[in-house]
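Reviewing the structure listed below.
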Amino acid sequence: VLLQASGGGLVQPGDSLRLSCAASGRTVSSVAMSWFRQAPGKQRELVAGITSGGTAKYADSVEDRFTISRDNAKNTLYLQMNNLKSEDTAVYYCAVTPERRVVNAPRLYTDWGQGTQVTVSS
């Protein structure tokens, strides 16, 4: 499956952004999808994931600020990011796993988007 991420940018602390990830090539409605991020010098980490049924899982650092959602009819994944902080600065990647549940390990994801840069700076 081809994943195309978009929506990143340069924002100030406290601002909001909405990331989108459009999937093509096959339907992804029956599997979990997730957003990861990777900051310079750090490992790629799970930000949020969502099952096909809509059950979401979040990293502690983004709980109550970020919301993950999906539109299975459009084969698209979203990440609404509110109250952004400087520590949210990273390249954000969307990914698909063959699992039905959200899994943390990047190695369990088979398809990745190209990444979109999010920079939070005053």
Side-chain angles (χ1 to χ4, degrees):
V1 60
L2 178 65
L3 301 175
Q4 182 69 39
S6 61
L10 172 62
V11 297
Q12 295 186 340
D15 284 352
S16 298
L17 277 176
R18 188 193 195 203
L19 306 183
S20 298
C21 175
S24 60
R26 65 175 173 86
T27 182
V28 292
S29 60
S30 63
V31 295
M33 299 182 72
S34 295
W35 288 98
F36 285 79
R37 67 185 179 188
Q38 188 166 19
K42 295 188 176 181
Q43 291 187 334
R44 192 168 297 191
E45 63 174 355
L46 178 73
V47 176
I50 187 168
T51 67
S52 60
T55 300
K57 177 181 178 180
Y58 297 95
D60 290 343
S61 59
V62 306
E63 188 85 54
D64 298 327
R65 297 189 298 123
F66 290 11
T67 302
I68 189 170
S69 62
R70 64 192 296 169
D71 186 332
N72 288 333
K74 295 183 178 180
N75 235 20
T76 302
L77 178 71
Y78 303 99
L79 185 67
Q80 177 66 43
M81 306 185 293
N82 297 330
N83 191 22
L84 283 159
K85 304 177 179 181
S86 58
E87 51 263 43
D88 296 318
T89 295
V91 178
Y92 284 69
Y93 300 89
C94 55
V96 171
T97 175
E99 304 282 340
R100 292 186 177 272
R101 59 189 176 92
V102 176
V103 291
N104 287 13
R107 62 180 175 81
L108 297 177
Y109 289 78
T110 54
D111 301 278
W112 292 84
Q114 85 285 7
T116 184
Q117 177 71 47
V118 172
T119 302
V120 185
S121 175
S122 55

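Rounding to the nearest 0.5 angstrom, the gap separating the OG1 atom in T51 from the CZ atom in R101 is 12.0 Å. Rounded to the nearest 0.5 angstrom, N72 CG and M33 CE are separated by 9.0 Å. Atom-to-atom distance recorded for C94:SG and L77:CG is 6.5 Å, nearest 0.5 angstrom. In this structure, L79 CG and Y58 OH are separated by 7.5 Å, a value rounded to the nearest 0.5 Å. Taking CD of Q114 as the start and SG of C21 as the end, the distance is 8.0 Å to the nearest 0.5 Å.
The hydrophobic cluster containing Y93 also contains V103, counting ILVMFWY residues as joined when their side-chain heavy atoms lie under 4.5 angstrom apart, directly or transitively. Hydrophobic cluster membership is shared by V47 and M81, with clusters built from Ile, Leu, Val, Met, Phe, Trp and Tyr side chains linked at under 4.5 angstrom. Residues L2 and W112 fall into different hydrophobic clusters, defined by Ile, Leu, Val, Met, Phe, Trp and Tyr side chains chained together at heavy-atom separations under 4.5 Å. Hydrophobic clustering (ILVMFWY, side-chain heavy atoms < 4.5 Å, transitive): V102 and V62 are in distinct clusters. Taking hydrophobic clusters as Ile, Leu, Val, Met, Phe, Trp and Tyr residues chained together by side-chain heavy-atom distances below 4.5 Å, L10 does not share a cluster with L84.
Contact annotation: the side chain of T97 never approaches that of S34 to less than 4.5 Å [non-hydrogen atoms, C-beta and beyond]. For the pair L19 and V118, the minimum side-chain heavy-atom distance is below 4.5 Å. Within the 4.5 Å cutoff, no side-chain heavy atoms of S121 are placed close to those of T89. A 4.5 Å side-chain heavy-atom check between T116 and S6 finds every atom pair outside the cut-off. For the pair V1/N75, no side-chain contact is recorded, criterion being any heavy-atom separation below 4.5 Å from C-beta on.
Of the N and O atoms on the side chains of T119 and Q117, at least one donor lies less than 3.5 Å from an acceptor on the other residue. Defined by atom type and a distance below 3.5 Å, a donor-acceptor pair is present between the side-chain atoms of T27 and S29.
No donor-acceptor pair closer than 3.5 Å links the side chain of Y78 to the backbone N or O of T67.
Pairs of residues two or more places apart, or lying in two chains, that qualify as salt bridge (charged side-chain N to carboxylate O under 4.0 Å, His left out) and include a residue from residues 70-90 are R37-D88, R65-D88.
Nearest heavy-atom pair, A56 versus I68, reported as atom, atom and distance to 0.1 Å: CB-CG2, 3.6 Å. Of all heavy-atom pairs between T110 and P98, the closest is CG2-CD, 3.7 Å. The minimum heavy-atom distance linking A39 with A90 is given by the pair N-CB, 3.9 Å. The shortest heavy-atom contact between V28 and A23 is CG2-CB, 4.0 Å.
Between Y92 and F66, the ring planes are tilted. Angles from 30° to 60° get that label. Using bins of under 30°, 30° to 60° and over 60° for the plane-to-plane angle, the ring pair F36/Y109 lands in the perpendicular bin.
Atom CD of E63 is surrounded by more than 12 heavy atoms from other residues, nucleotides or ligands within 6.0 Å. More than 12 heavy atoms of other shown residues, nucleotides or ligands fall within 6.0 angstrom of atom CZ in R26.
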